[in-house]
Amino acid sequence: MQILSRELKHIAIIMDGNGRWALQKGMEREDGHVQGAETAKNIIQFCSNIQLPYLTLYAFSKENWDRPKKEVSSIMRLLSQTIKKDLQSLMDLNISLLIAGEKNRLPLYVKKSLEIAVQKTAKNTGMKMVLALSYSGREEIVSSLNKIIESKNKNINEDLVEKHLYCPEVPSPDILIRTGGEKRISNFLIWQIAYSELFFEDVQWPDFRAENLSNIIERFYERKRTFGNIE
Ligand code: FPP
């Protein structure tokens, strides 16, 4: 088993390439998401096994709402079904689930299954897994600022903005991975990734395996992080 050093606490992943993976195989885009959910489960299990403290998965962006209705509905169904079906596995792995994003835009049945899973896993003490859903990094910052305005605090500083993000208990990612070959951030955790190490992988998400992640972790340890300082 891979041994993590304390400097690696949080991995965040943009799970890109489901659609292309399916189309390349003559399948429907939706089949790519189904296979993508299987990959997500394997990666969650691997991260829990190596005792990673925090994992964030970008499952659905604010911008994804603009996709054709059929695809949006199938991703929503898949999310709800997967969460319901695999809730016991989350319990067995002692994982607690958190949601980042504008939950109110989600269909009621999805919100319900998420709420049940968040509540049921709240006391688990193992890995914290954040699902970014209906998520936009810019919107997260605006929402933080609005909460500060409501609190009437006039001394806005970085700590205060951080305290009002969706999941203030989650530290900034050490590693940000994007699969699917594109080199973009796509509005993901734009506040939190100021000093994250970025990895853009050519493999499509459904083909991403624990070995790929293990290899990224090894490459991460080879990088020098100075956070703007000098050695
Ligand atoms: C990006 O690929 C993927 C999505 C927008 C959806 C991801 C959702 C899942 C994998 C389900 C996860 C479920 C759980 C419970 C973690 P894309 O469609 O943008 O691919 P493309 O760039 O090839 O078109």
Side-chain angles (χ1 to χ4, degrees), residues 11-48 52 54-91 93 95-103 105-107 109-118 120-121 127-137 176-189 200-210 212-213:
I11 297 177
I13 309 181
I14 303 175
M15 308 181 287
D16 195 21
N18 292 347
R20 277 166 287 161
W21 179 89
L23 296 179
Q24 278 157 13
K25 291 189 153 39
M27 298 157 93
E28 300 281 329
R29 290 180 56 83
E30 285 77 1
D31 300 319
H33 298 311
V34 171
Q35 200 50 47
E38 289 305 313
T39 299
K41 285 193 239 172
N42 289 337
I43 293 302
I44 292 164
Q45 178 141 29
F46 174 76
C47 290
S48 162
L52 180 75
Y54 301 92
L55 171 70
T56 298
L57 298 176
Y58 202 2
F60 196 81
S61 71
K62 180 190 175 198
E63 291 74 19
N64 287 155
W65 288 116
D66 296 332
R67 291 192 179 193
K69 251 197 178 138
K70 177 170 165 271
E71 181 167 346
V72 171
S73 315
S74 86
I75 295 178
M76 290 298 137
R77 262 197 316 276
L78 178 63
L79 277 166
S80 171
Q81 278 167 5
T82 310
I83 292 293
K84 276 198 213 157
K85 206 155 51 83
D86 292 292
L87 181 51
Q88 192 50 49
S89 315
L90 293 183
M91 294 305 290
L93 293 170
I95 292 174
S96 70
L97 177 69
L98 302 169
I99 307 296
E102 291 302 319
K103 285 174 264 197
R105 273 193 225 115
L106 297 165
Y109 77 97
V110 178
K111 235 166 61 172
K112 279 260 158 64
S113 22
L114 289 169
E115 272 164 15
I116 291 170
V118 167
K120 185 143 190 233
T121 61
M127 183 171 83
K128 285 196 191 302
M129 181 181 98
V130 185
L131 274 188
L133 276 176
S134 189
Y135 176 87
S136 144
L176 172 73
I177 301 167
R178 181 181 189 131
T179 61
E182 307 291 348
K183 294 178 177 61
R184 280 196 289 272
I185 300 301
S186 298
N187 209 359
F188 187 43
L189 302 179
F200 297 101
E201 304 298 299
D202 279 331
V203 55
Q204 312 287 22
W205 177 249
D207 287 331
F208 191 77
R209 297 285 172 270
N212 298 92
L213 183 52

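Just so you know, ligand 1 is whichever comes first in the structure, and atom 1 is the first atom listed for that ligand. Quick note: residue numbers are just sequence positions, from 1. Small disclaimer: the values here were computed from a predicted structure and weren't measured.
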Write out the residue and atom name of the closest protein heavy atom to atom 15 (C) of ligand 1, then the distance separating them to 0.1 Å.
-> T82 CG2, 3.7 Å

Shortest protein heavy-atom distance from atom 3 (C) of ligand 1, along with the residue and atom involved | M15 O, 3.3 Å

Give the residue and atom name of whichever protein heavy atom lies nearest to atom 21 (P) of ligand 1, and the separation in Å to one decimal.
-> R20 NE, 3.6 Å

Can you tell me which residue and heavy atom of the protein come closest to atom 22 (O) of ligand 1, and the distance to 0.1 Å?
-> D16 OD1, 2.8 Å

Which bit of N18 is near ligand 1, meaning a heavy atom under 4.0 Å away: side chain, backbone, both or neither?
-> both

Can a non-hydrogen atom of G180 be found less than 4.0 Å from any atom of ligand 1?
-> no

Name the closest protein heavy atom to atom 13 (C) of ligand 1, giving the residue it belongs to and the distance to 0.1 Å.
-> L79 CD2, 3.8 Å

Identity and separation of the nearest protein heavy atom to atom 6 (C) of ligand 1 = A59 O, 3.3 Å

Heavy-atom gap R67 to ligand 1 smaller than 4.0 Å | yes

Would you indicate whether the side-chain heavy atoms of I83 and L87 approach each other to under 4.5 Å?
-> no

Determine, for E30 against R77, whether the closest basic-nitrogen to carboxylate-oxygen distance falls under 4.0 angstrom.
-> no

State whether the shortest distance between N or O atoms of G19 and N or O atoms of ligand 1 falls below 3.5 angstrom.
-> yes

For atom 5 (C) of ligand 1, which candidate among L23, N64, L131 provides the closest heavy atom?
-> N64

Donor-acceptor contact below 3.5 Å, side chain S61 vs main chain Y135 = no

Sequence-distant partners of W205, ring pair (Phe, Tyr, Trp, His ring centres under 6.0 Å), two or more places apart | F208

Between T39 (side chain) and P206 (backbone), is there a donor-acceptor pair under 3.5 Å?
-> yes

Are more than 12 heavy atoms from other residues, nucleotides or ligands located less than 6.0 Å from atom NZ of K85?
-> no

Matching residue for F60 among R67, M76, R105 - test: side chain to side chain contact (heavy atoms under 4.5 Å, CB included) = M76

Among all protein heavy atoms, pick out the one at the shortest distance from atom 4 (C) of ligand 1; state its residue, atom name and that distance to 0.1 Å.
-> H33 CE1, 3.8 Å

Closest heavy-atom contact between K103 and K111?
-> O-CD, 3.1 Å

For ligand 1, which part of K41 has a heavy atom less than 4.0 Å away: the side chain, the backbone, both, or neither?
-> neither

Ligand 1 to A40, heavy atom cutoff 4.0 Å, flagged ligand atoms 16 (C)

Just by modelled atom types, is the G137 backbone N or O under 3.5 Å from a matching donor or acceptor in the N187 side chain?
-> yes

Going by the 4.0 angstrom heavy-atom rule, the piece of D86 near ligand 1 is neither

Residue of the set R29, Q204, H33 for which side chain to side chain donor-acceptor pair (under 3.5 Å) holds with N18 = H33

